[in-house]
Amino acid sequence: MQRRAITISGVVQGIGFRPFVYRLASQMHLHGFVLNRSGQLLIEVQGKRSDLDQFIARLQSTPPPLSRIDQLTWACIASVDELGFRIAESGSDSITPVFVSPDIATCSACRRELFDPANRRHGYPFLSCTQCGPRLTIIQCAPYDRINTTMASFAMCDRCQSEYNDPSDRRFHAQPIACPDCGPQMQLLDGDGCPIETDDPIKELCAAFARGEIAAIKGIGGYHLVCSATDAAAIKKLRLRKNRDEKPFALMVADADVVTHWCSMNAAERASLESIHRPIVLLRKCKDTPQISSDIAPDNSMLGLMLPYTPLHALLLDAWGDRPLVMTSGNRSDEPIAKDDSDAIDRLQGIADLFLVHNRPIRVRCDDSVTRIVAGIESPIRRSRGYAPMPIQLPYACDRPTLAVGGQLKNVFALARGDSGFLSHHIGDLEHLSAFSAMQADIVLYEQLFGILPERIVHDLHPDYASTTYALERAERESMTVIGVQHHHAHLASCMAEHRLDGKVIGVVFDGSGYDSDGTVRGGEFLVGGYESVSHAARLRRVRLPGGDRAAKEPWRMALSYLIDAECDVDWVFANTPISSDMIGVVQQMIARGFNSPWTSSAGRLFDAVAALAGVRLHGTFEGQTAMQLESRASGVPSSDTYPYEFSDETTGSGEFEIDTRSMIQGIVRDRRGQVDSGVIARRFHDTLSAIIVGTCLRLADETGLDRVALSGGVFINAILCERVVDLLTAKGLRVFRHQVVPCNDGGLCLGQLAIAARVSE
Ligand code: ZN
Ligand code: ZN
Ligand code: FE
């Protein structure tokens, strides 16, 4: 007989670890108890030595799916007289930060119950268990107990209560436990928010979709706007009402097998689609998908698909059948999605013909996550619902509690204690006041949930980011230490942190824009360094950014800027386009005088210029659109020769060298005037940019002796570019690292900010 005290740390609380331990110990006839203490799991267990060895081995080999064991230690202690195994009270240290789980897709056991006519939860859209259901989106404060969730107002019925109390039940201590007798209910409302009498809201809804109507449906982290994906008229109507010209709509389908009718899918993509996180996965459209309206993702070779992740979605898709539903964010234009019922009815009135609501409030707005598989590796585009707030292990511990506020677009903030980084869900673009308010409120919530009171605050150097303003004001008010981090340094550190890289690397950071203290807009950067410091080693040639931010929305302005820079004839590009010669003259003047036209090395803007020059588009409607369309045009086109480019030998004052893109621009102009197909131009451009990146990395590797390259920045969402760069660099013997945990875009900035702060000793 032996008694052991086992301590497990990592992601071990709030995810059904205690009942798992209870069941395992009971099965093996071991005695003792399990409890939560100070963020760890404490087990005392007594039995035969060999059984105890086996018990520990099984804890480690088959822990609950959501858990992550960072450390397991044990020691022998004195045996006690005790029979049976129990789950002990966690004691009074309730300030102890308890892990908060992300919202998890309906598990298979719950799904079976949902469609089992004999089950008491048959057809109930709010069933869940310890392994699935809402978590982050319903929590109001720590600790994660029912009373602190938006389920508090639902008193459990006797049957739910006894399941909740029974350690052998799979709903033991499942805080959102509910059934048709005691839990939330859904309700169908008309376009004005007035209740519609019906016994079967789902059936009624499907009938409305069949008639071409649009519904607003309350999900787990906010509202979706939903309509039939095979009804072109409905989609046109949705675009018109939502004021969304071309941004792709996401689709939901019943299961992965159905997906193959519309998209090609490999094993990795399928696994991602079916994972417990249930992100939107970007998949390649099949050659012809006549049934799907081309309006869903215009001029785009990809479709974003997801599978049902709540019982409500499962019921809806089951009733709708083997066709996709458009399931896009419940907002007008680009503002944050609606989450509260009154707000939804207010803001979505006139867009939605009817509303499917329910009476379980959403506390935390949480958008769907978006991901893409690039050369077999998951490349997150938005890490939100289903992932946040799972902690990410930092390469170094922050010796003081730290808050990183991220950037401006695609804002995500993060808190760190020790080597755990808690990255928030997607907050959105802070230029929207409601997103900024949400950021402030959610920072307060996260600090309380994880018991982290930051003493330091990290921000981007951009003085006009709302996150920077927040950081500086708060630091002033609360006498916190502030750490300003250059945008591209944060990108690089973010990628390094994911891979726990140390020392110095070569960083390729290509994105839309990042502020630097010299007043230029950077975005085509080659860095050398690590967390402590970086130096700018090379960059794309600078051109004028005529009109500042406005240039990002009007690719033709960048085309003009590049044409002038490369001394090309400008008039032919804009002949027979809506852009007047007066307008061209004005922008030419701006460029010539440098008026409101800072210098930029932005790779994102280079994509814009090339898209305009190749005749793909002159105006953009959403961020990243031109790059996406250029990639779509290039996909499937075989590689041929590249355009010429040069490395300038003269370094700028700081020792940076420049990659001269003028001959490439001249080459594109020649192709265009020679009627070369835009797909061929797009492909040549991708191949040229890849060659530029590879050539520059090799030169830097040669100069520095470094052999590791980290790729970051939103441009690397581009699969053609990413795959080619990875292949070519790997073939040259360099080790390449890219994002697979957080997005390469600004959604991943806060991780880099934390990693840098961890190395700053103040
Ligand atoms: Zn479940
Ligand atoms: Zn009940
Ligand atoms: Fe960026």
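Throughout, numbering of the chain's residues begins at 1 and tracks the sequence. All heavy atoms count here, side chains included; hydrogens, waters and symmetry mates do not. When a ligand or atom number is given, it counts from 1 through the structure's own listing order.
The number of heavy atoms from other shown groups lying within 6.0 Å of CG (Asp549) does not exceed 12. The environment of CZ in Arg120 is crowded: more than 12 heavy-atom neighbours from other residues, nucleotides or ligands sit within 6.0 Å.
Around the Fe ion (ligand 3), the protein atoms of type N, O or S found under 2.8 Å away are His487 NE2, His491 NE2, Asp511 OD2, Asp746 OD1, listed by chain and number.
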Working for side-chain contact (heavy atoms from CB on, under 4.5 Å), residues Cys744 and Ile717: CA-CA 7 Å; Cys744 58; Ile717 285 170; 3.5 Å; yes

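Taking the ring axis of Tyr309 as reference, the NZ or CZ atom of Arg385 stays within 45° of it and closer than 6.0 Å to the ring centre.
One finds an angle of 110° at the Zn ion (ligand 1) between SG on Cys129 and SG on Cys110, to the nearest 10 degrees. Our summary of the site lists the angle at the Zn ion (ligand 2) between SG of Cys179 and SG of Cys182 as 120°, to the nearest 10 degrees.
Taking 4.0 Å as the cut-off between side-chain N and carboxylate O, Arg542 and Asp518 count as a salt-bridged pair.
Residues His739 and Phe716 keep their aromatic ring centres 6.0 Å or farther apart.
Ring geometry for Phe20 versus Phe17: interplanar angle over 60°, hence perpendicular rather than tilted (30 to 60°).
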